[in-house]
Amino acid sequence: MQLVGKKEQNARRGVGSRGRFGVALAALLVAALGTACGSSEADKTPTKPGKPKAGSEAGAAGAPGNQAALAKQKEMARLAAVKRWGLAKPPLIAPAAPKHKPEIETREGFEVDDHEGLPPVFTTIPTEEKVVFLTIDDGAEKDPEFLRMMKELDIPYTAFLSDYLVRDNYPYFKEMQAAGVTLNNHTLNHRYMPALSYEKQRQEICGQQDNIQKRFGKRPTVFRPPYGNYNDDTLRAAASCGIKHVPLWNEEVFPDRMDYREWDRDVHPGDIILTHFRGREDWKGTMPDMIRQVMKTVTDKGYAVGRLEDYL
Ligand SMILES: [Zn+2]
């Protein structure tokens with residue numbers, strides 16, 4: 001992984017996080033218990049964390065006892081999914097989204113010459129929580145099992161799409177988006193950016209901005225250059241078409257292993273993990289195999305997978 005980093009081995013930025021976050025499940029239970037104490041008000045309180053889906057049962061399910069029951073039901077379903085998908089352990093529950101977004105700066109050694117006003121380039125999110133972020137690139141493999149698995153396990157991730165790999169099956173990524181996944185920019189044709197002129201880079205990045213907006217109805221604000229390679233022009237071009245953040249990664253995961261950027265070969269709070277939409281032609285396993293691998297590694301180390309967008 002040849003990036004612009006000069007001090008890769010010791011440059012992890014450890015800016016402190018802001019505020020403490022509760023554990024989502026705990027919050028859910030507290031909410032349920034809290035409502036139970038004020039039961040006379042319960043009927044007038046239709047929306048609380050853990051609220052039921054709208055429907056004929058909504059009124060009854062909004063009652064305090066049922067909220068706790070719903071939380072329990074949800075947890076039971078998750079544990080059943082853990083078993084069904086062959087995960088070694090249940091994934092840890094991610095901390096609640098931070099109340100204030102952390103200030104994200106460009107990682108030391110990753111700056112371009114004139115970086116004033118350009119989007120930050122980073123490999124980790126400043127936080128003290130044991131949370132990591134899963135990012136999946138390119139878009140070659142379109143495995144329906146993977147979509148089902150992630151939905152049932154309720155594991156968040158963020159996609160970086162390159163149009164030349166995605167365009168034969170937009171509906172697959174529409175389904176992904178409908179499940180709550182943010183679709184971000186990974187250029188039209190996955191070229192090595194530093195070899196291209198500013199204008200060509202702009203076509204690659206802004207072209208994919210327009211394309212994602214047209215196909216999926218939402219213009220990205222997050223961009224990852226192919227191979228993690230970029231220069232001044234890349235960041236300037238990205239900024240010119242609305243990009244606010246350029247996340248790279250500290251770990252890369254495959255179905256059979258995890259590779260580390262840092263000398264300590266370990267995961268750290270806020271680390272961004274890279275993987276790819278790939279199948280058996282490209283690596284030793286399937287997308288679900290890769291997920292089992294990454295979840296085993298991070299869960300064993302005591303980390304939850306969070307939603308990157310909550311921090312950007
Ligand atoms: Zn890529």
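Being a predicted model, the structure only gives us computed values, none of them experimental. Both ligands and their constituent atoms are indexed starting at 1 by order of listing.
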> Distance-only, no hydrogens or angles: does the Arg292 side chain make a donor-acceptor pair with backbone N or O of Met287 under 3.5 Å?
Replying inline: no

> With a cut-off of 2.8 Å, which protein N/O/S atoms are close to the Zn ion (ligand 1), if we only count those under it?
Replying inline: Asp138 OD1, His186 NE2, His190 NE2

>> Closer than 3.5 angstrom, by distance alone: can the side chain of Lys101 be matched with the main-chain N or O of Glu309 as a donor-acceptor pair?
In response: yes

> Rounded to the nearest 0.5 Å, what separation is found between the CG atom of Asn184 and the CZ atom of Arg224?
Replying inline: 9.0 Å

> Is there a donor-acceptor contact under 3.5 Å from the side chain of Asp143 to the main chain of Glu145?
Replying inline: yes

> For Val132 and Tyr303, which heavy atoms make the closest approach, and how far apart are they?
Replying inline: CG1-CD2, 3.7 Å

> Are Glu204 and Lys200 ion-paired here, with the side-chain N under 4.0 Å from a carboxylate O?
Replying inline: no

